[in-house]
Amino acid sequence: MKEIRVRFAPSPTGALHIGGVRTALYNYLFARQHNGTMILRIEDTDQNRYVPGAEAYIIESLKWAGIGIDEGIGVGGPFAPYRQSERKELYRKYADQLIDSGHAYYAFDTEAELEAMRDRLKKAGVDYQQYNSVTRMTMRNSLTLPASETEKLLQSGVPYVIRLKVPETGEVRLQDLIRGEVVVQMHELDDKVLMKSDGMPTYHLANVVDDYLMRISHVIRGEEWLPSAPLHVLLYKSFGWEADMPQFAHLPLLLKPDGNGKLSKRDADRMGFPIFPLTWTDPGTGEKSVGFREAGYLPEALINFLAFLGWNPGTEQEIFSMKELIKAFSIGRIGKAGARFDIQKATWFNEQYLRSKPESILAAYLADQLVKKGITCSPEKILKIVAVMRERVSFPKDFYEQGQFFFHAPQTFDSTVIAKKWNADTVKFIRVFQESIENIEQFNAETIKTAFEKTAADLGIKTGQLMQVLRVAITGSASGPDLMMTLEIIGRQETLNRLVFALSNFNVNAASS
RNA sequence: GGCCCGUUCGUCUAGGGGUUAGGACAUCAGAUUUUCAUUCUGGUAACAGGGGUUCGAUUCCCCUACGGGCUACCA
């Protein structure tokens with residue numbers, strides 16, 4: 001069997017879109033499963049759109065996501081260079097080959113002339129306003145100009161491009177691994193530019209030449225490439241590389257969570273979720289976009305989520321490690337329809353992975369946060385906090401953000417609870433409870449609970465009323481982790497302090513409301 | 001406009017000529033938790049529409065509708 005070689009080939013025009021990460025993931029999964037090779041190639045043939053830092057960003061993103069690269073940018077390999085701008089001369093050679101074999105031609109049309117042609121066709125009501133087998137005979141190119149004139153123009157240094165000479169009749173067929181057979185009529189294809197006037201190849205040429213030279217066995221890419229896939233097939237044929245042509249698999253797109261269209265950065269901004277794997281600052285505008293990593297998504301959760309957007313194993317298992325994904329993945333089980341991006345599900349995956357982490361790792365998350373905030377805290381206390389918080393957090397940063405009351409007395413208090421439940425009975429309870437916990441020998445969750453229950457029973461007050469009042473007095477909030485454990489962690493003295501504060505301040509609120 | 005691709009619960013999807021159309025997220029209810037969350041249990045909820053083919057179509061075919069992509073000397 002042919003060696004499996006796949007490539008992820010982004011262009012360095014900015015941050016890597018999350019859809020690109022999924023494409024990379026599917027390529028990676030497929031390569032690993034078949035003991036194949038995963039190649040990273042940079043398609044930087046558009047000099048105008050080049051963004052400094054984008055390439056490094058892509059590498060870093062894949063690394064964070066756990067998508068390993070076997071060959072290519074940052075790794076090297078037998079087919080170097082893997083940056084298309086560094087392969088410029090090579091494409092020229094292959095373009096010339098196509099000219100020689102009559103599959104391509106020189107074109108000298110200016111932008112204005114091209115526009116005039118399209119306008120003319122549009123007014124005439126022609127369906128295809130393109131440079132093709134019929135219109136090319138009305139344009140300035142080596143097909144319409146005498147050979148001597150073409151030669152003269154070439155020598156004179158006027159700008160020109162090389163275009164593919166698409167046959168007038170016939171059809172192109174391709175067998176897509178996901179979509180089955182796709183057929184396109186030749187006359188619907190246009191004479192695509194292969195070499196631009198700046199001497200760089202277009203995507204179409206570079207991609208085919210490189211995939212051939214790099215022995216790519218499978219092209220797994222987004223659906224936006226499906227319309228030009230027949231053109232690529234035609235190129236393989238024109239070169240006489242049909243036997244070595246890779247197999248194609250065009251992935252369904254990632255769609256907006258709501259409304260119509262494909263997922264865009266705008267949607268992410270509007271709905272408040274990341275769209276880039278890592279935080280990215282646009283060097284042009286200076287605009288900063290928080291990445292999945294910085295937002296607190298674990299790479300394994302993001303990968304699991306992404307893998308299921310368009311693919312599924314056909315079983316009821318939902319949680320998959322990268323290793324399991326490699327084993328279970330198959331192109332045949334990739335769906336055809338676009339998948340809406342649902343950040344809620346991503347968060348659910350994150351919770352699953354977060355909760356499965358050992359406490360020591362979770363403690364490290366919290367410890368990191370505390371160091372950043374300049375808060376000192378004993379490892380024992382951190383461990384206790386993590387243990388009591390782990391079932392209620394979605395992101396690592398939540399340990400600190402939702403547990404601030406462990407470190408500082410609350411600044412604000414849930415006013416609805418106070419308004420509703422701060423009354424003579426509860427005040428009386430707090431007073432007695434204060435005394436009661438002062439006298440506890442061992443101040444821990446169990447003894448606190450006993451004191452709490454006994455105090456309530458002695459006063460004849462229902463505990464349900466008291467729990468929330470006590471919680472608000474201690475944490476400021478109406479909800480939170482186990483209250484008795486919270487008191488234990490905060491400690492006796494701090495608990496008493498907060499109760500004193502509540503007694504003097506909550507009274508004012510109750511009186512005024 | 002043209003070409004290509006698609007369409008199962010709100011979302012991700014399984015399934016496939018005869019099924020109570022399955023799961024997950026979300027949502028709702030109950031239980032547990034003397035609070036909230038977690039957890040558990042249960043519920044609501046889908047084959048876009050119309051024609052065929054067939055004993056029988058959600059499944060196969062066609063049409064329509066809708067959605068998406070492409071339509072550059074961008075990838």
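So you know, we letter chains A, B, ... as the sequences are listed, proteins then strands, and number each from 1.
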With a 4.0 Å cutoff (strictly under), does any side-chain N or O of [X] reach OP1 or OP2 of [N]?
X        : N     : result
A:Lys462 : B:U35 : no
A:Thr202 : B:A72 : no
A:Lys196 : B:C74 : yes

Open item on the list: Tell me which nucleotide, if any, is Watson-Crick or G-U wobble paired with B:U7 when both distances must be under 3.5 Å.
Closed with: B:A65
TODO: Tell me the partner of B:U33, counting only Watson-Crick (N1-N3 plus N6-O4 or O6-N4) or G-U wobble (N1-O2 and O6-N3) with both under 3.5 Å; none if nothing fits.
DONE: none
- [ ] Would you mind telling me which of B:G68, B:U38, B:C73 lies closest to the side-chain atoms of A:Glu391?
- [x] B:U38
Open item on the list: Nearest to the A:Asn260 side chain among B:G67, B:G69, B:C36, which nucleotide is it?
Closed with: B:G67
Open item on the list: Side chains of A:Asn132 and A:Thr135: any donor to acceptor distance under 3.5 Å?
Closed with: yes
Are [X] and [Y] ion-paired here, with the side-chain N under 4.0 Å from a carboxylate O?
X        : Y        : result
A:Asp190 : A:Lys192 : yes
A:Glu43  : A:Arg7   : no
A:Asp119 : A:Lys122 : no
A:Glu224 : A:Lys262 : no

Open item on the list: Strictly under 4.0 angstrom, non-hydrogen atoms only: write out the protein contact profile of nucleotides 9-14 of chain B, one letter per nucleotide from the 5' end, B, S or -.
Closed with: --SBSS
TODO: Could I get the full list of side chain to side chain donor-acceptor pair (under 3.5 Å) partners for A:Arg340, not counting sequence neighbours?
DONE: none
Open item on the list: For A:Thr495, give me all partners under side chain to side chain donor-acceptor pair (under 3.5 Å), at least two apart in sequence or on another chain.
Closed with: none
Short heteroatom pairs, N/O only, protein and nucleotides 2-5 of chain B, under 3.5 Å:
from : atom 1 : to       : atom 2 : distance (Å)
B:C5 : O2'    : A:Arg179 : NH1    : 2.5
B:C5 : O2'    : A:Glu223 : OE2    : 3.1

Which part of the nucleic acid, if any, lies within reach of [X] when heavy atoms closer than 4.0 Å are counted: base, sugar-phosphate only, or nothing?
X        : answer
A:Gly125 : nothing
A:Asp191 : nothing
A:Arg163 : sugar-phosphate
A:Phe305 : nothing
A:Asp482 : base
A:Gln129 : nothing

Task: Any pair counted as side chain to side chain donor-acceptor pair (under 3.5 Å), so long as it reaches residues 303-316 of chain A, sequence neighbours left out - done: A:Asn304-A:Tyr353, A:Asn312-A:Arg333
TODO: Output the residues of residues 11-19 of chain A in contact with RNA chain B, where contact means a heavy atom of the residue under 4.0 Å from an atom of the strand; sort by number or write none.
DONE: A:Ser11
Open item on the list: With a 3.5 Å cut-off and heavy atoms only, can you find an N or O donor on one side and an acceptor on the other between the side chain of A:Arg392 and the base of B:U38?
Closed with: no
Task: Rounded distance (nearest 0.5 Å) linking atom CD of A:Glu359 with atom CG of A:Leu362 - done: 7.0 Å
